[in-house]
Amino acid sequence: MSAIVDQLSARLPPRSWTADPDLIASHLVEWRGLYRGAATFMAMPESTEEVSAIVGACAEAGVPITPQGGNTGLVGAQIPNGEILLSLKRMNKIRSVSAEDDALVAEAGVVLKTVQEAAAEAGRVFPLSLGSEGSATIGGLISTNAGGVHVIRFGMMREQVLGLEVVLPDGRVLPALKALRKDNTGYDLKQLFIGAEGTLGIITAATLKLQPRPAEHVVALVGLASPGEALKLLHYMKVETGAVVAFELMNPFATEMTLGAFPQFRDPLPHWNGWRVLIEMESIRAVGLREAAEQALAGAMEKGLIQDAVVAENHAHARDLWRIREEIPAAQRTQGAQASMDISVPVARVPDFLRDAEIEARKLAPELRVLAFGHAGDGNIHYTVMQPPGPPNGAFWEKCVPLVQIVQDVAVAMGGSISAEHGIGVSRREELPRYKDEVALDVMARVKAALDPKRIMNPRALT
């Protein structure tokens, strides 16, 4: 390690590396404090050429690398444990924006919010939206195939990527930044790196797909009796409005916990303490959506699908409705011993999963509390089992590992997945062989061996 540090510090400009432990320290702790790592050298390249030089040198020396974007990941893949830490935050340029092509080229370290703003300046929208958009970077979002709240309309990050520039594990650069919608000239190589969590190469830039800017938004919060009614409401609202872009389900505890943690928030449905759904709709037409949404909600109430509803009066009101959903992760950090999962099942099985997972989990821990919320419109539920109220509970911590397996077994038995949008990283790596098909695991291992035979690229993550 000392030899490669000497080599990199001599090869790179002074601003492109540091061995100062104070500057490195913030990069070694995951934002929730769940993962802590170690690194004595951090490369901070500002160009693809510098990334190529770093990776090439490490490949020659057989020294592993942990790439890091905004350090917002939830599975520990971005935290080094003695490897060379390669931060992409200085690769933060918007290289080009084309309204004519509906495309934008951003370097890997550009923050999602910056991409959204650049698209807006061109009269377009970049549709990915999630809670960490003020700090999550494009490279990290692509490497984890991020989801967010608009997957129901626009798909995962994979669907937003037209082209990539990638530094391969031997230091060569794969230049595939084309803005083409069609290119049948062999394997679509960019797909290998999307969702690969930095294990096959380092994404340095991406060509991203832009969408027309909507002229009208409508946000509504509804109260309903059960997840089964939510499923019926989802399909009803899609048919009646043709405009649903987000459909976020929250169990009663999610609302209770968040309002308790943030007393400054006003409860929009003070007379309803059951399940809730936050619905966002948008249209490129300037008129008609609000009327259509209100008529659809009135029809849903007549059919008994919902029990209560509020429609945002303006943008500020809409933000207040969204804040209750967005602050759930912050509120849950205060709840003591818990185990969180990122589950996906077919949309039609969401009610079955929520019912059966709780039944099975309570057989082991009758005292647990269940926090369930998330993207019901695409089948992704963030599911957490928690200790009863009170100080941190060591006995409950001991139950967390088997509880995770119980819940994940329920999801996979329904044709689901143990990771919908967070990735595998370090935290789910040991569980993957239990749930992933043996043939799929073998193919993944062969791809890894072919591209990264020395296993220098994020070696503790995924495979």
Side-chain angles (χ1 to χ4, degrees), residues 113 116-117 119-120 123 125-131 133-134 148-150 152-154 211-225 229-230 232-234 236-252 254-328 330-331 373-377:
K113 187 70 173 176
Q116 294 170 339
E117 291 169 349
V125 168
F126 184 65
L128 185 73
S129 179
L130 38 75
E133 60 193 31
V149 298
H150 292 155
I152 186 174
R153 168 67 71 85
F154 298 105
Q211 302 290 341
R213 179 159 44 186
E216 190 173 7
H217 276 92
V218 176
V219 175
L221 181 69
V222 305
L224 35 70
E229 298 304 303
K232 296 175 185 176
L233 178 67
L234 168 65
Y236 178 79
M237 294 300 292
K238 289 169 72 174
V239 170
E240 293 298 312
T241 69
V244 176
V245 295
F247 193 89
E248 299 289 298
L249 180 67
M250 296 170 278
N251 76 345
T255 303
E256 173 192 340
M257 178 191 69
T258 306
L259 291 175
F262 297 94
Q264 68 271 31
F265 291 179
R266 182 179 64 86
D267 188 351
L269 300 176
H271 305 297
W272 181 254
N273 59 2
W275 289 83
R276 300 183 184 203
V277 168
L278 185 67
I279 310 170
E280 181 174 314
M281 294 155 278
E282 66 180 32
S283 171
I284 59 173
R285 298 179 61 187
V287 295
L289 178 58
R290 185 178 183 89
E291 180 181 359
E294 290 177 344
Q295 288 179 354
L297 290 171
M301 190 165 290
E302 290 177 4
K303 293 176 178 293
L305 297 181
I306 63 177
Q307 311 303 316
D308 201 356
V310 59
V311 179
E313 295 294 333
N314 49 47
H315 178 72
H317 191 191
R319 288 300 310 146
D320 288 343
L321 297 182
W322 266 108
R323 285 187 71 188
I324 295 174
R325 159 62 182 89
E326 290 173 346
E327 296 296 343
I328 292 174
F373 68 98
H375 323 303

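The structure presented is a predicted model; accordingly, all values stated were derived computationally and were not measured.
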Query raised in the report: Have Glu280 and Trp322 got a donor and an acceptor in their side chains that come within less than 3.5 Å?
Result: yes
Nearest 0.5 Å please: distance from the [atom1] atom of [X] over to the [atom2] atom of [Y].
{"X": "Thr255", "Y": "Arg325", "atom1": "OG1", "atom2": "CZ", "answer": "11.0 Å"}
{"X": "Leu233", "Y": "Met301", "atom1": "CG", "atom2": "CE", "answer": "10.5 Å"}
{"X": "Leu297", "Y": "Glu240", "atom1": "CG", "atom2": "CD", "answer": "10.5 Å"}
{"X": "Phe126", "Y": "Gln211", "atom1": "CZ", "atom2": "CD", "answer": "9.5 Å"}
{"X": "Leu259", "Y": "Arg266", "atom1": "CG", "atom2": "CZ", "answer": "10.5 Å"}
{"X": "Ile279", "Y": "Leu321", "atom1": "CD1", "atom2": "CG", "answer": "11.0 Å"}

Compare every heavy atom of [Y] with every heavy atom of [X], then report the nearest pair and how far apart it is.
{"X": "Ile152", "Y": "Val245", "value": "CG2-O, 2.8 Å"}
{"X": "Gly274", "Y": "Pro252", "value": "C-CG, 3.6 Å"}
{"X": "Pro212", "Y": "Ile284", "value": "CB-CG2, 4.1 Å"}
{"X": "Leu289", "Y": "Ser283", "value": "CD2-N, 3.7 Å"}
{"X": "Leu224", "Y": "Ala230", "value": "CD2-CA, 3.7 Å"}
{"X": "Leu234", "Y": "Ala376", "value": "CD2-O, 4.3 Å"}

Requested in this report: Test side-chain contact (heavy atoms from CB on, under 4.5 Å) on Met257 and Ile328 and set out the steps.
Outcome: CA-CA 8 Å; Met257 178 191 69; Ile328 292 174; 3.9 Å; yes
**Report entry** Residue Arg285 excluded, over 12 heavy atoms near CZ under 6.0 Å
**Finding:** no
Requested in this report: Mark yes when over 12 heavy atoms from residues, nucleotides or ligands other than Asp267 sit less than 6.0 Å from its CG; otherwise mark no.
Outcome: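 Above 12, so yes.
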Query raised in the report: Parallel, tilted or perpendicular: which describes the rings of His150 and Phe154, with under 30° parallel and over 60° perpendicular?
Result: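 Perpendicular, since the angle between the ring planes exceeds 60°.
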[X] and [Y] ion-paired at < 4.0 Å:
{"X": "Lys232", "Y": "Glu229", "value": "yes"}
{"X": "Glu294", "Y": "Arg290", "value": "yes"}
{"X": "Glu282", "Y": "Arg213", "value": "no"}

Query - Under 3.5 Å: donor-acceptor pair, side chain of Arg153, backbone of Pro127 - result: no
Query raised in the report: Between the side chain of Glu327 and the main-chain N/O of Thr258, is any donor-acceptor distance below 3.5 Å?
Result: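 Judged by distance alone, no pair lies under 3.5 Å.
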Report task. Take Leu249 and Phe373 through the side-chain contact (heavy atoms from CB on, under 4.5 Å) test and state the conclusion after the steps. Result -> CA-CA 5 Å; Leu249 180 67; Phe373 68 98; over 6 Å; no
Requested in this report: Would you check if Asp320 and Pro268 make a side-chain contact, meaning some heavy-atom pair closer than 4.5 Å?
Outcome: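 Answer no - side chains too far apart.
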Query - Residues forming a side chain to side chain contact (heavy atoms under 4.5 Å, CB included) with Thr241, sequence neighbours excluded - result: Met237, Ala243, Val244, Met281, Ala296
Query raised in the report: Among all residues two or more places apart in sequence or in another chain, which pass the side chain to side chain contact (heavy atoms under 4.5 Å, CB included) test with Lys303?
Result: Tyr236, Leu305
